Student: 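Here's a structure for you.
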Amino acid sequence: MRLGVHSVTTQTAARHRRPTRWVASIAAITLALAACQAGDPGASGTAGSSGGGGGGGDGDYPDAEITFIVPFSAGGPTDTVTRLIAEPMAEELGVQIVVQNVTGAGGTVAADQVANTEADGYTVLMHHIGMSTAPTLYPDLSYDPLEDFEMIGLVTEVPMTFVGSPEFEPETMEELVAYVEDNIDSVTYANAGIGAASQLCGLLFETATGLDITEVPYEGTQPALDDLLGNQVDFMCDQTTNTSEPIEAGRVKAYAVTTPDRVESLPDVPTTEEAGFPDLQVSVWHGLYVPAGTPQDVVDALNAALVVALADENVIARLAELGTAPVAEDRATPEAHREHLQSQLDLWRPIIEEAGVTAG
Ligand code: ASP
């Protein structure tokens with residue numbers, strides 16, 4: 001049986017107040033329902049079997065379909081990682097997993113939704129590094145990442161890449177920085193909204209170069225990449241889980257990877273450090289969350305399925321193709337996840353405060 005996936009996308013306006021210039025704002029609420037093959041955006045199929053009922057904490061968990069909420073667009077990097085692990089997790093848990101894309105406000109709409117759902121293990125959030133940056137970026141954030149969720153475990157840590165549109169003039173990271181400086185009023189940078197990894201990477205670019213870039217927010221980096229490929233925006237920074245294939249196919253200009261070492265699957269792409277920007281480094285870690293108060297046996301069941309998924313040969317092979325790998329087993333635990341989130345909250349707060357970026 002194959003994994004059951006429906007994609008429900010809710011786009012919500014985010015009003016941003018920040019020192020950089022924004023050339024687009026999104027003020028639409030849409031609801032879209034799509035279905036196609038597992039592994040593709042909006043995929044549909046089944047894995048395991050679907051039962052009725054619900055509950056949790058009674059030893060029967062799971063006995064109904066589970067929904068995985070993705071805070072960004074279908075087809076993007078967060079969505080890709082989610083769908084990849086959802087299939088073996090569904091098999092392990094013996095129920096269908098539905099993947100739902102709830103977009104808006106850099107991932108905070110989805111996190112808020114999950115924080116406020118029933119703590120029964122039937123709604124699970126996949127989120128990334130944005131879980132640790134949002135509390136600083138959004139002074140009025142409605143949830144507390146540490147207090148309002150139980151952690152299931154870390155999933156993967158993904159390098160980012162600076163890429164340019166096919167017609168964008170710069171060919172190297174050094175040329176990119178010089179070109180942005182010379183054309184500061186016209187160059188555009190795509191991101192997935194305040195709270196997205198791409199926004200954080202843009203902020204690090206600004207800090208490293210002293211340049212104040214014009215950012216164009218999207219509901220995820222898949223639509224951003226589409227516009228980049230169509231030369232509608234100039235450059236972006238996104239996970240290798242989204243950019244590996246266009247880089248390998250020569251459809252985008254690849255400038256640099258944001259990790260200390262080159263990415264094995266992209267050996268020709270230099271690091272930001274090689275390009276002269278040693279502080280421009282970030283890896284996008286992902287983790288699974290359920291609402292605070294979820295019974296321990298439910299957390300344990302989800303964690304056990306996650307551990308199985310991360311050891312799955314197909315998951316490992318596909319992540320390797322996309323420039324990354326599952327986390328080591330000792331990081332795929334609620335304790336390691338909580339510790340990492342706390343340390344990332346501590347790491348990013350002063351950096352964001354120093355940059356003076358807020359959303360509201
Ligand atoms: N990679 C995106 C980000 O900038 C989100 C996504 O579309 O998955 O956080």
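Given the structure is predicted, the values throughout are model-derived calculations rather than measurements. Whatever order the structure lists ligands and atoms in, that order sets their numbers, starting from 1.
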Student: Applying side chain to side chain donor-acceptor pair (under 3.5 Å), run through Thr161 and Thr243 and close with a yes or a no.
Tutor: CA-CA 7 Å; Thr161 46; Thr243 58; 2.6 Å; yes
Student: Check the side chains of Asp238 and Thr221 for a donor-acceptor pair under 3.5 angstrom, ignoring hydrogens and angles.
Tutor: yes
Student: Is it true that the side chains of Asp63 and Tyr122 contain a donor and an acceptor less than 3.5 Å apart?
Tutor: yes
Student: Give the residue, atom name and distance (to 0.1 Å) of the protein heavy atom nearest atom 2 (C) of ligand 1.
Tutor: Thr221 OG1, 3.2 Å
Student: Consider every N or O of Gln222 and every N or O of ligand 1, then say whether any pair is closer than 3.5 Å.
Tutor: no
Student: Is the backbone N or O of Cys237 less than 3.5 Å from a side-chain atom of Tyr255, with the two atoms forming a donor-acceptor pair by type?
Tutor: no
Student: Below 6.0 angstrom between ring centroids: does that apply to Tyr179 and Phe168?
Tutor: yes
Student: Find all atoms of ligand 1 within a distance of less than 4.0 Å from any non-hydrogen atom belonging to Thr78, and give their numbers and elements.
Tutor: 5 (C), 6 (C), 8 (O)
Student: Parallel, tilted or perpendicular for His128 and His286, by the 30°/60° rule?
Tutor: perpendicular
Student: Are His340 and Trp285 close enough that their ring centers fall under 6.0 Å?
Tutor: yes
Student: Does an N or O anywhere in Gln239 fall below 3.5 Å from an N or O of ligand 1?
Tutor: yes
Student: Under a 4.0 angstrom heavy-atom cut-off, which atoms of ligand 1 come close to His128?
Tutor: 3 (C), 9 (O)
Student: Is Pro77 in contact with ligand 1, taking contact as a heavy-atom separation below 4.0 Å?
Tutor: yes
Student: Please list, in number order, the atoms of ligand 1 under 4.0 Å from a heavy atom of Gly220.
Tutor: 7 (O)
Student: Have a look at ligand 1 and work out which part of Asp238, if any, has a heavy atom under 4.0 Å from it: side chain, backbone, both or neither.
Tutor: side chain
Student: Considering the heavy atoms of Ser198, write down every atom of ligand 1 situated less than 4.0 Å from one of them.
Tutor: 3 (C), 4 (O), 9 (O)
